[in-house]
Structure formats: C-alpha cells, structure tokens
Amino acid sequence: IGDDAALVDALHPLPSCQPPGLLPKLAAMIRSLLAFALLLAVLAPATGQKPPAPLAPGLVATATAGERKAAFVTPTPNFTLSPQQSIHPQLKPDFKAEWTGVVNILRAGQYTFSADARVLLDGKETQGQPIQLTAGEHALRVIYERKPGAAARLQLVWQSDFFPAEPVPASVLAHRGEPREATKTA
C-alpha cells in the first residue's frame, strides 16, 4: 500500500504542527485500516451471503384450484366469499391458499394467533396456542383449504398480554421478494 514516508508527507504538510513520532504512527494505522478494508472487500463475496431483500408490505398468497395456480400480494390473508366466489379470478371457488411473509412484533411478550386455518410462526404450528415472541420479525405462514359449496371467511386474529383479540393489522405484515407469476401446476 506504499511506503510510510510518502504517507507521512501527505499527512504532514506543516512539520511544526504535530508532536514528533505521531505521523509515522498515524501512517501505520492508516495502512493497517486500508489493508483490513481490502481484506474485507476480497472476502465478502467469497462468503456467498447476500444481504436479505428489503421488506415490502403485505403477504405473498399462493392459491390453487385443480391445475390452476395464482400468486399475488395481499395486505392481509382476510377475506369473505359467497359460495360462488373465488379468492382469485383465475381460480374456481374450490381453492386452497397459503400466505407467507413475516409478522413484525413490536414488543416482546406472549401472543396467540388464530384463524379458521393452520397458522405457523417461525415454522411451528401455533393455531390458537400462546407463544412467547421476541420483538422483531417472525416468519408467518397461513394455510387455508376451502370447504366445497360453502361460503368462506378467513380472518387472522391475534391477542397478547398488551391487547385483546383483534384482526392482525396490515401494518405488521410484510414479505421479501416478488411472488411467482400465475402458472399451471403439474
């Protein structure tokens, strides 16, 4: 990274301003920092780790009906449908759906999530069961299967030591990445 004399000359335009011996120490420290920065720049790509994608509002929904599949982003998994309605215009009313993303817990504590569906937090089924959560992001997955010929309603509800049962607000739900476009399944 160069010799110390050139770095000292660049750092010390006025010889009488610094105490003796300070500039060589400063030059050595700068060289060490530059070498460390260069090492980090070389090693960072070698780890193969990318920073996580930024969060976007809403959950990614993937719904299927027979051989048809649709993926889309929705603020919450909540819906109410008549027997003839479907969750997506490309799908028949007899569908299965899964929502994935994260729920951002603002305050650590005990929470209970419930819905007329399977609810998983951090990979563990928690439907109606209290779970201790730390503040921060927690993986959320909601799995729903519609009963044939009936009206359908889903509302994801939560409660904690800090508030009574209420619908999970869209403001705490998010996802990373974009959903795959609607496709046919095999």
Side-chain angles (χ1 to χ4, degrees), residues 32-65 68-81 86-91 95-147 152-183 185:
S32 296
L33 287 172
L34 288 172
F36 182 70
L38 180 62
L39 179 65
L40 285 178
V42 168
L43 292 180
T47 63
Q49 294 180 359
K50 290 188 214 175
L55 285 174
L59 300 175
V60 174
T62 305
T64 58
R68 305 264 327 153
K69 179 178 180 179
F72 51 96
V73 175
T74 184
T76 70
N78 304 342
F79 64 83
T80 301
L81 301 170
S86 179
I87 196 164
H88 191 277
Q90 293 183 2
L91 302 177
F95 64 87
K96 296 176 184 175
E98 181 176 316
W99 292 263
T100 57
V102 298
V103 59
N104 187 23
I105 300 298
L106 302 176
R107 188 173 174 190
Q110 191 170 58
Y111 290 80
T112 302
F113 289 78
S114 57
D116 187 17
R118 290 180 57 207
V119 179
L120 294 94
L121 277 167
D122 296 329
K124 297 176 190 160
E125 188 137 3
T126 61
Q127 164 61 9
Q129 301 297 318
I131 183 171
Q132 189 70 29
L133 296 174
T134 58
E137 296 172 16
H138 294 270
L140 174 67
R141 185 173 168 207
V142 178
I143 303 167
Y144 176 85
E145 186 170 351
R146 185 174 190 174
K147 295 167 183 66
R153 181 172 190 271
L154 177 64
Q155 185 170 46
L156 181 62
V157 175
W158 68 348
Q159 67 183 40
S160 81
D161 300 334
F162 316 113
F163 54 85
E166 66 180 15
V168 177
S171 61
V172 299
L173 300 174
H175 70 281
R176 286 191 165 82
E178 291 300 317
R180 295 188 178 130
E181 293 183 32
T183 58
T185 58

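All values reported here derive from a predicted model rather than from experimental measurement. In this chain, numbering begins with 1 at the start of the sequence shown.
Inter-residue side-chain proximity for E166 and W158 is flagged as met; some heavy-atom pair is nearer than 4.5 Å. Looking at heavy atoms from C-beta onward, L120 lies in side-chain contact with I143 at the 4.5 angstrom threshold. The shortest distance between side-chain heavy atoms of V168 and T76 does not fall below 4.5 Å. In this structure, Q110 and S160 have side chains that are not in contact, with every pair of non-hydrogen atoms separated by 4.5 Å or more.
Atom OH of residue Y144 and atom CG of residue L156 lie 13.5 Å apart, to the nearest 0.5 angstrom. Atom CG of N78 is separated from atom CG of L173 by 8.5 Å, given to the nearest 0.5 angstrom. Going from atom CD of Q129 over to atom CZ of F113 covers 13.5 Å, rounded to the nearest 0.5 Å. Note that CD1 of I131 and OG1 of T112 are 9.5 Å apart. Values are rounded to the nearest 0.5 Å. Interatomic distance, CD of Q90 versus CD1 of I87, reported as 13.0 Å (0.5 Å rounding). For the atom pair N104 CG and L140 CG, the distance stands at 12.0 Å (nearest 0.5 Å).
The backbone N or O of Q155 lies less than 3.5 Å from no partner atom in the side chain of D116, so there is not a single donor-acceptor pair. Distance alone, capped at 3.5 Å, is enough to place a donor-acceptor pair between the H175 side chain and the G58 backbone.
Contact between S114 and V119 at its shortest, heavy atoms only, is C-CG2, 4.5 Å. When every heavy atom of V73 is checked against every heavy atom of P57, the shortest pair comes out as CG1-O, 3.6 Å. Closest of all the heavy-atom pairs between A61 and T74 is CB-CG2, 4.2 Å. Taking all atoms of both residues into account, the shortest heavy-atom contact from Q127 to A115 is NE2-O, 2.8 Å.
Remark: R146 engages no residue in a side chain to side chain donor-acceptor pair (under 3.5 Å) (not counting sequence neighbours). In this view, F162 satisfies the ring-ring contact (aromatic ring centres under 6.0 Å, His included) rule with no residue, not counting sequence neighbours.
Classified by interplanar angle (parallel below 30°, tilted 30° to 60°, perpendicular above 60°), the ring pair F79/W99 is parallel.
More than 12 heavy-atom neighbours from other residues, nucleotides or ligands sit within 6.0 angstrom of CZ on R176.
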